[in-house]
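Heads up: the structure comes next, in structure tokens.
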Amino acid sequence: MTEKLEPLGDRVIIKPLETEEVSKGGIILPDTAKEKPQEGEIIAIGPGKIKDDGARIPMEVKVGDKVMFAKYAGTEIKLGEEKLMIMSQSDIMAIKERRSKQKAKEEKPNA
């Protein structure tokens with residue numbers, strides 16, 4: 001059974017992209033020497049931040065977007081065997097690749 005997390009406000013859940021375990025010189029890196037991931041794929045987004053007047057600010061990112069974020073941003077969590085990060089949208093520095101509508105259609109099963 002897989003748990004489902006739904007982020008609140010302007011928070012997102014990101015699956016960090018794995019870093020290389022071997023250096024350019026062929027040396028296998030231990031966990032302590034690996035760089036903290038700074039890229040990942042958004043797997044869930046909150047509804048957006050609420051302004052003082054009660055209006056909701058829409059999210060700029062979408063599920064499936066590949067993003068770059070600050071090195072020490074967010075909170076690492078473990079859901080089953082999967083390592084995820086929860087962070088505020090403001091910790092995301094750039095969108096590296098947007099999930100296209102075509103990809104979304106291809107992944108959606110025909111009903």
message = Is there a side-chain contact between Ile77 and Ile86 in this structure, where contact means two heavy atoms from C-beta onward sitting under 4.5 Å apart?
response = yes
task = Taking all heavy atoms of Val12 and all of Met59, pick out the closest pair and write down the distance.
result = CG1-CE, 3.6 Å
message = Once salt bridge (charged side-chain N to carboxylate O under 4.0 Å, His left out) is applied, do any residues pair with Lys83, and if so which ones, sequence neighbours excluded?
response = none
request  = Could you walk me through whether Asp65 and Arg98 pass salt bridge (Lys or Arg N to Asp or Glu O under 4.0 Å), step by step?
outcome  = CA-CA 5 Å; Asp65 287 351; Arg98 285 218 182 258; 3.0 Å; yes
request  = Mind checking the CD-CD1 spacing from Gln89 to Ile45? Nearest 0.5 Å is all I need.
outcome  = 8.0 Å
task = Would you give the length of the straight line joining atom CD of Glu76 to atom CE of Met85, rounded to the nearest 0.5 angstrom?
result = 5.0 Å
request  = Locate the shortest heavy-atom distance separating Met87 from Ile14; write the atom from each residue and the value.
outcome  = SD-CD1, 3.8 Å
message = I'd like to check the side-chain hydrogen bond (donor to acceptor under 3.5 Å, both in side chains) partners of Lys96; sequence neighbours left out, ordered by chain and number.
response = Glu39
message = For a quick test of reading the model, state the closest non-hydrogen atom pair linking Ile50 to Arg56 and the distance between them.
response = CD1-NH2, 3.5 Å
key: Separation between CG of Leu84 and CD1 of Ile43, rounded to the nearest 0.5 Å   = 4.5 Å
task = Please name the pair of heavy atoms, one in Pro7 and one in Ile13, separated by the smallest distance, quoted to 0.1 Å.
result = CD-CD1, 3.9 Å
ask   = Heavy-atom distance under 4.5 Å between the side chains of Lys71 and Gln38, does that happen here?
value = yes
request  = Identify the two heavy atoms, one from Ala44 and one from Val63, that lie closest to each other, and give their separation to 0.1 Å.
outcome  = CA-CG2, 4.0 Å
request  = Might you confirm whether atom CG of Asp52 has over 12 heavy atoms from other residues, nucleotides or ligands at distances under 6.0 Å?
outcome  = no
inquiry  = Would a single hydrophobic cluster contain both Met93 and Val67, if residues Ile, Leu, Val, Met, Phe, Trp and Tyr are joined by side-chain heavy-atom contacts under 4.5 Å?
reply    = no
Pairwise distance CD1(Ile95) to CD1(Ile42) - rounded to 0.5 angstrom = 7.0 Å
message = In the structure I gave you, are the side-chain heavy atoms of Ile92 and Glu60 within less than 4.5 Å of one another anywhere?
response = no
